[in-house]
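Residue numbering restarts at 1 for every chain, and letters A, B, ... go by the order of the sequence lines. Computed from a predicted model, the values in this text were never measured in an experiment.
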2 protein chains.
Amino acid sequence: MKTLKIPEATVIRLSVYSRYLAQVDRRGITTISSGEIADGTGVSPAQVRKDLAYFGEFGTRGVGYNVKDLYWHIIKILGLNTTWSVVIIGAGNLGTALSMYGGFRERGFKVVGIFDNAPHKIGYRLNGVEVYPMERLKEIIEKEKAQIAIIAVPAEHAQEVADQLAETSIQGILNFAPCVINVPERIELRNVDLSVNLELITFNLALRRSLKGGK
Amino acid sequence: MKTLKIPEATVIRLSVYSRYLAQVDRRGITTISSGEIADGTGVSPAQVRKDLAYFGEFGTRGVGYNVKDLYWHIIKILGLNTTWSVVIIGAGNLGTALSMYGGFRERGFKVVGIFDNAPHKIGYRLNGVEVYPMERLKEIIEKEKAQIAIIAVPAEHAQEVADQLAETSIQGILNFAPCVINVPERIELRNVDLSVNLELITFNLALRRSLKGGK
DNA sequence: TAGATTGTTAATCGATTAACAATC
DNA sequence: TAGATTGTTAATCGATTAACAATC
């Protein structure tokens, strides 16, 4: 595998391609061209081929790509050929929603524990997954071999939770709290700010208005 | 206002700057330089100045920026100087979580209605917001003057919901269903795929592994 | 072979960074 | 005035697109 830096946009598109290929496969289609993938996912054919070229040669010139093969190649590239065990920190509304989110299971993620420090929540099961007290974080992560943690606590407590996670064998953190957190280099961190997505909409709506009104 | 195309990354950073400025303001600081904003948000000072330059001149050479003024300038740029009324389609776990998500309220978003077609959910209140049947979608959107809709239904029903929204006066749609949907040009659309965020983590973890093992 | 489509290189486009004149 | 920091231009960097040789 080349050591070239892969653009994040490429990884996101690979995810989109894989979903589209799964859909095409369900329709019983066995071969597909970069142009067809492009049409189905809203990118350019050159983009599709370039994205794939970072990782190898998966097609046959003059023919195209085998749908199933390419699907599995991408799944492997994305690291989704194995099941990932996930813990969720915070059994509030967001944590509860995420624990039941079908989109995770579909892509091979398995929620193995939810953590909270509200005594009345401990011991409950959400979607079959037990709610544990925060004191058992390290124990359960190690017992269940969880590799990824999702932080779904209020912003005030996010860093505190991150510090506790840093003491465990967790490899990746997805942070939904709207704040910046610091974690050791060895942990792969990603922040999702749900509000920013609405703000990108309001920005564009405000821009449209000012173009109409202002001009 | 210039008609230059603004990079999406710039808009996202403006959102980050505004949160940082709010925090700095709470500490009672009145003036700030691009370098300090850069340090506080993890970008370069040139980036901060360039991002702001798309929209005007907000600083004083040799001095810096007035914290409060700049905060409000950015809030206005993001279209957040007015309250936006939001409806959520789908009273499942995600819809429920989003209806109670503090991060929205903080930035001036107000959830004015939740819609579902499960009879046993109708009439309930989530966080003070009523759950309405889908048949009343258009009526309530128009009555409440909702401008933005959040789709939080399973992927199979997302397009159907989008079609119904297209019949209303809704101006923007935030789609959480992991699928591509089509809406009229006049509607500002944005997709959020929660699973992709986990996949960006697993991709990097898989990459780290292969670099360690493969090399 | 002729037609089709890949993989890859070169050209283009756009975003970030460095540098500095303007100016408080 | 001297020091500081902005706003902006030019240089750099990186990603996308166009084009085409390779080849099925």
How close or far is atom [atom2] of [N] from atom [atom1] of [X], stated in whole angstroms?
X      : N      : atom1 : atom2 : answer
Y54(A) : dG7(C) : OH    : C1'   : 14 Å
F55(B) : dT8(D) : CZ    : P     : 14 Å
R61(A) : dT5(C) : CZ    : P     : 14 Å
L70(A) : dT6(C) : CG    : P     : 10 Å
N66(A) : dT6(C) : CG    : C1'   : 15 Å

Quick note, K5(B) side chain, CB onward, closest among dA15(C), dT6(D), dT8(C) is dA15(C)

By a strict heavy-atom criterion of less than 4.0 Å, which residues belonging to residues 24-51 of chain B are in contact with DNA chain D? S33(B), S34(B), R49(B), K50(B)

Quick one, [X] and [Y] - any side-chain contact, counting heavy atoms below 4.5 Å?
X       : Y       : answer
V161(B) : M134(B) : yes
I89(B)  : I150(B) : no
D51(A)  : I6(A)   : no

Y20(A) ring center near Y17(A) ring center (under 6.0 Å): no

Closest non-hydrogen atom pair between [X] and [Y], with its separation:
X       : Y       : value
L94(A)  : Y101(B) : CD2-CE1, 4.4 Å
I74(B)  : S18(B)  : CG2-CB, 3.8 Å
N175(B) : N191(B) : ND2-OD1, 2.8 Å

At a heavy-atom distance below 4.0 Å, what parts of residues 7-21 of chain A sit against DNA chain C? none

Only residue of V183(B), V87(B), L137(B) satisfying side-chain contact (heavy atoms from CB on, under 4.5 Å) with I170(B) is V87(B)

Would you write the dot-bracket representation of DNA chain D, where each base gets (, ), [, ], | or . depending on whether it forms a Watson-Crick or G-U pair under 3.5 Å and with which partner? ..||||||||||||||||||||||

Tell me whether the OP1 or OP2 atom of dC24(C) has a side-chain N or O from Y65(B) closer than 4.0 Å. no

N-O pairing of [X] and [Y] below 4.0 Å:
X       : Y       : result
K110(A) : E144(A) : no
R49(A)  : E57(A)  : no
R107(B) : E199(A) : yes

